[in-house]
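The block underneath contains the structure these notes are about, expressed in structure tokens.
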Number of protein chains: 4
Amino acid sequence: MKALVYKGPGQKAWEDVPNPVILQPTDIIVKVDTTTICGTDLHILKGDVPAVTPGRILGHEGVGTIVERGSAVTGLNIGDQVILSCVSACGHCDFCKQGVYSHCLGSEGISGIGWIFGHLIDGTQAEYVRVPYAETSVYLLPKEVTPEQGVMLSDILPTGHEIGVRYGQVKAGDVVAVVGAGPVGLAAIATAGLYGPSRIISIDIDTNRIEQAMAFGATDVVNSGDSDWKEQVLALTDGLGVDVAIEAVGIPQTFTMCTEIVRPAGHVANVGVHGRPVELALQDLWISNITISMGLVNTNTLGTLLKMVAQNKVNADQFISHTFELSDIMNAYDVFARAAETKALKVILNA
Amino acid sequence: MKALVYKGPGQKAWEDVPNPVILQPTDIIVKVDTTTICGTDLHILKGDVPAVTPGRILGHEGVGTIVERGSAVTGLNIGDQVILSCVSACGHCDFCKQGVYSHCLGSEGISGIGWIFGHLIDGTQAEYVRVPYAETSVYLLPKEVTPEQGVMLSDILPTGHEIGVRYGQVKAGDVVAVVGAGPVGLAAIATAGLYGPSRIISIDIDTNRIEQAMAFGATDVVNSGDSDWKEQVLALTDGLGVDVAIEAVGIPQTFTMCTEIVRPAGHVANVGVHGRPVELALQDLWISNITISMGLVNTNTLGTLLKMVAQNKVNADQFISHTFELSDIMNAYDVFARAAETKALKVILNA
Amino acid sequence: MKALVYKGPGQKAWEDVPNPVILQPTDIIVKVDTTTICGTDLHILKGDVPAVTPGRILGHEGVGTIVERGSAVTGLNIGDQVILSCVSACGHCDFCKQGVYSHCLGSEGISGIGWIFGHLIDGTQAEYVRVPYAETSVYLLPKEVTPEQGVMLSDILPTGHEIGVRYGQVKAGDVVAVVGAGPVGLAAIATAGLYGPSRIISIDIDTNRIEQAMAFGATDVVNSGDSDWKEQVLALTDGLGVDVAIEAVGIPQTFTMCTEIVRPAGHVANVGVHGRPVELALQDLWISNITISMGLVNTNTLGTLLKMVAQNKVNADQFISHTFELSDIMNAYDVFARAAETKALKVILNA
Amino acid sequence: MKALVYKGPGQKAWEDVPNPVILQPTDIIVKVDTTTICGTDLHILKGDVPAVTPGRILGHEGVGTIVERGSAVTGLNIGDQVILSCVSACGHCDFCKQGVYSHCLGSEGISGIGWIFGHLIDGTQAEYVRVPYAETSVYLLPKEVTPEQGVMLSDILPTGHEIGVRYGQVKAGDVVAVVGAGPVGLAAIATAGLYGPSRIISIDIDTNRIEQAMAFGATDVVNSGDSDWKEQVLALTDGLGVDVAIEAVGIPQTFTMCTEIVRPAGHVANVGVHGRPVELALQDLWISNITISMGLVNTNTLGTLLKMVAQNKVNADQFISHTFELSDIMNAYDVFARAAETKALKVILNA
């Protein structure tokens, strides 16, 4: 089959590789119908994720059709079309029993991390993929949801929802600020609406992006390049700050922006992937009764979000900016990598 | 009357001052029966809390007897003996309605802080004290509880309980580590036992203190001076870290110790008062699904803890290391300030 | 002044009575700008609420302007326009500290009930009303909210929200059924939308009412007069029943309907006021892992709902079916009492 | 092998039956080391549970050693000694993903019930037993816990804990009443202590049993045969009733006792298995802001309780009143059935 293979920092190829085979009775083999590219894939290509070694097939999102199943898989059938979760969950380790699939201990013998596709095992940017722990890691695609919409549920929508909105404890009446209007920030905005906030403020330095945020449900936008951005945010509250500040960029400055605008007894939810430590102003914050949360998505709300997409209560289509054939993936990577210029959000790859 | 008056950095005096008077209909005047000294009072004396100006009577803990009441006070009577909360709560601002008394907006016109005794208004290290918002800020002392025990409920027990144990979300079966075995750390240990943890590990650099911690309910102790302290802690877990790490010191190193021993999906609860920023290793922690909490005590669990002390389910007496007459307060300060040497925990001052 | 006075079962009069006066330092006197009639007022008039004695002024909802204030009231000013809560909360008893204002112990010496207006003290269907515990029982009317909208926040919106939606633990993705499409059932429907349900099913025997429910946010309607009503409801779920069933009528049959359609691990939230016991089928339900909740509104979410009305995220206007002058209240009672015929929901009375 | 076989109402036999075999790749075969008898087994023998058909091997509790495993079982090994849960959980249906194993949809094709051992498939009162969904339904027995202690974790301790204490929302400072001092009531008492209640009141009509309750952690006892039992209970509260009332009998009278002693905003947790409907006094209770919960155990806290037993924080041994050889099971049934006379609590059967 053909697959997108990591060849070491800065290098990748769409090339012939052997087809995947069933390794465990709980595995399935899926023919990939639709997949996409994540910002994390770009990090891997830069060489920032040393656990990914040359030869690895990339990708951790996708919708596909089951073509083979292991002997222990009884609840899924050949021909079923399924959404793949970016996190593989054995379903029976201590973490999985708590719903903390992100730290599944059983993943292929690799402890403490549930994200393995395109990382520790071969991923979804391929014609076929082996899916471990199938019964606890995939969801049947209902007829009301398209495969393209389904791909938005592999990672991006659960990440914005779980790590942004739910860890941030958004509740009815809250004022929520989301710093960063890339795909994950927009997913936080889109799913925050399920919790009845009174305002959702999108904050970004790029005017085009924050205007786009209005379509996802933001009620207000603030350009963080403005010298008075903080005053603008506070003016949208009762003056005491936002109830929830969601960080969706991944750099020290944006994290600090969040701690500066959160009100006493509020919440900072970090969603961004950080590469450097940040300075936390505990000399000021110790007295502030806030919580700061962070983490990798568990996708334990994928089923709930799937219902919301099926009911058109969350619009998954609007995340899709470009569509390519799977075989055109090298070009798709190029468009996605130049997002500022191409205005790419999520690029869809159809087999 | 006599009172302990702050005279500027490094200076204090036990001297004659005018008796307090009712200023608001919701005030009471209390004759102080028992009070104590807090580590925060030492910080103030060093000049570290600029909001405290010379002339201020110090102290925010105490039990006393009502000698006068404002016209709006109907639920409390002259002669009632009451526990004073270190936090004054108006009871009707937005924060108070949520139980976030620590950020009461109504406190004497000073916004965003419920701790005003011995800080923004005169405090309890005096023969008499004016108590604002009496009906929402004091608790009747039941006959089963001594005044000395009651003083432990003004600040220290609620602080360990609320900011350590509850913000840390301690639950049945958890392994809890408490870094720092001073009075507040011991209060966290003593109240953690109400939540059914499987282990409570006391961590401190002072061997005497952590041994003392066993009497408060610690099941295990680790000396943080040992080069392998971290391995010792992990060996008391399943190897993945503690469920809850409570910081009760207030310096960057002890905060970082907590983030290093907490397991995925665990909690770091900061109780210590910090004077400097800390470096938060978000490059490692973004993926860890932890929460970090912090804050000033609300004393909204004072009533619950009072029941537990009345039922001998929390032992308040063991926090008391020394007892003095109130008029001997200058000496008491000296003993308390040399705690490492005198082994002082809480020093009681009886009128 | 003029007021609507209960004269014993079946009798009422709009007549001259003495103006109210300040009795406690925490009281205010309010000139009523807008009030309304509640189904409970009709019950009282039937003689069903013996605690209400002849001579009592009825009414527990309203918006008015402060004309006098007690000496302890500092956060409210003469001339402020305020929303009155149907529940009076002292703010400092054990129940109030938990936010359970419905069981305020301090209400005028009458223990265990926070609803006193038009019940144990004179109410709001009058030109003026004395408001006890003013600072913990009224909310400033913001300029974005009209007095008529404000009146919907005195009782009906908080009741549907707190006792229906929140006690029912509605969460994102849930299927919610609301049995009864009167004002309180519609308030449950309107506020359920703040919690991201995938479906809200309105169930009533009156076709006009359930069609009206669509305007309040119901996604589906079922006529309970249909012999297959239950199958219709289950067909809107995955076949296992609804996540939350809200009872908003108050008779045994509708309560039992709720226990019959709720899924395992779901919730039944009783909002209706019942006059008779119901038979609970514990022989079937003991194994069902459901919760059943009930209670009087606390109005502790009035502030949150006020924000949602101000932001047009909850539409309060659509509850108002008729508007009268306050002096025309006898006529308004007549229209409201014949709701089936007049299609009355809430009737507004403007001074 | 030998097994205890149900032969129709009133009849059972310890007789030769075929050994169980692996039917699914997720099964294991366990040699039973220790088992016990549940009150439910007596109900089945009376013919009260029609789903149990003649020929069924009874029993749903046990500790055993793995002698064979299906091809999908990788986390458990031949020779491992494991605690069997009374509830079988597939681990991947909608209910299992929420931790509601009691309503597992995947159990051997039988929908909506996780309890299948000794009910819908052969049970544990046998020399060997087939265990479905092994990796999500058994727990390794740690060396600190004896097999006899482990058997108390199959059903009784999780049932008292989950359906009594946790559904009852017991929290620090609460007054808890447990009606019924049989094994499950005592399990609720023993595990309530993990949540910091100020009092645990054991209520039963049998003086011997409630005195025994003190050893399990009850702080007070009330004989429900006393005409003033209710006044005695209220006198142990502030007069307003208990925070949590746990029903552990299963008849209408004891359920009603719970609704009569619970305070406003409190909780009634039904644990008893009922055979008849009960009359719920909604005409009084609609205003009371209580919750009523019920359900079958999920055993999703078995792992937590196992830690507490291993740490001697819950004493499992004291539930064991008699010990027999497995082959003497007919005699053990006789002793257990005459519990009032023999003072049997749990009878242990050792292979």
Would you compute the distance between atom CG of C:Leu105 and atom CG of D:Leu240 and round it to the nearest 0.5 angstrom? 6.0 Å

Looking at D:Arg276, D:Gln283, D:Glu279, D:Gln98, which one has more heavy-atom pairs under 4.5 Å with chain C than the rest? D:Gln283

Just to verify, which of D:Ile292, D:Leu285, D:Leu280, D:Leu282 counts as forming a side-chain contact (heavy atoms from CB on, under 4.5 Å) with C:Asn270? D:Leu282

Mark yes or no for whether D:His103, through its side chain, and C:Ile287, through its backbone, hold a donor-acceptor pair below 3.5 Å. yes

Could you give me the CA-CA distance, side-chain angles and deciding distance for C:Leu296 and D:Trp286, then say whether side-chain contact (heavy atoms from CB on, under 4.5 Å) is met? CA-CA 7 Å; C:Leu296 180 67; D:Trp286 74 267; 4.3 Å; yes

Nearest heavy-atom contact between C:Ala281 and D:Pro277 is CA-CB, 4.2 Å

With only heavy atoms counted, which part of C:Asp284 is less than 4.5 Å from chain D, the side chain, the backbone, both or neither? neither

Segment of C:Val100 engaging chain D (4.5 angstrom heavy-atom cut-off): side chain

Scored by heavy-atom pairs under 4.5 Å with chain C, the best of D:Asp238, D:Val278, D:Val271 is D:Val278

Hey, what do you get for NE2 (C:His267) to OG1 (D:Thr291), rounding to the nearest 0.5 Å? 10.5 Å

With side-chain contact (heavy atoms from CB on, under 4.5 Å) as the test, would you mind laying out the steps for C:Asn289 and D:Tyr167 before giving the verdict? CA-CA 9 Å; C:Asn289 298 66; D:Tyr167 279 17; 2.9 Å; yes

Shortest non-hydrogen contact from C:Arg263 to D:Phe95? NH2-CZ, 3.9 Å

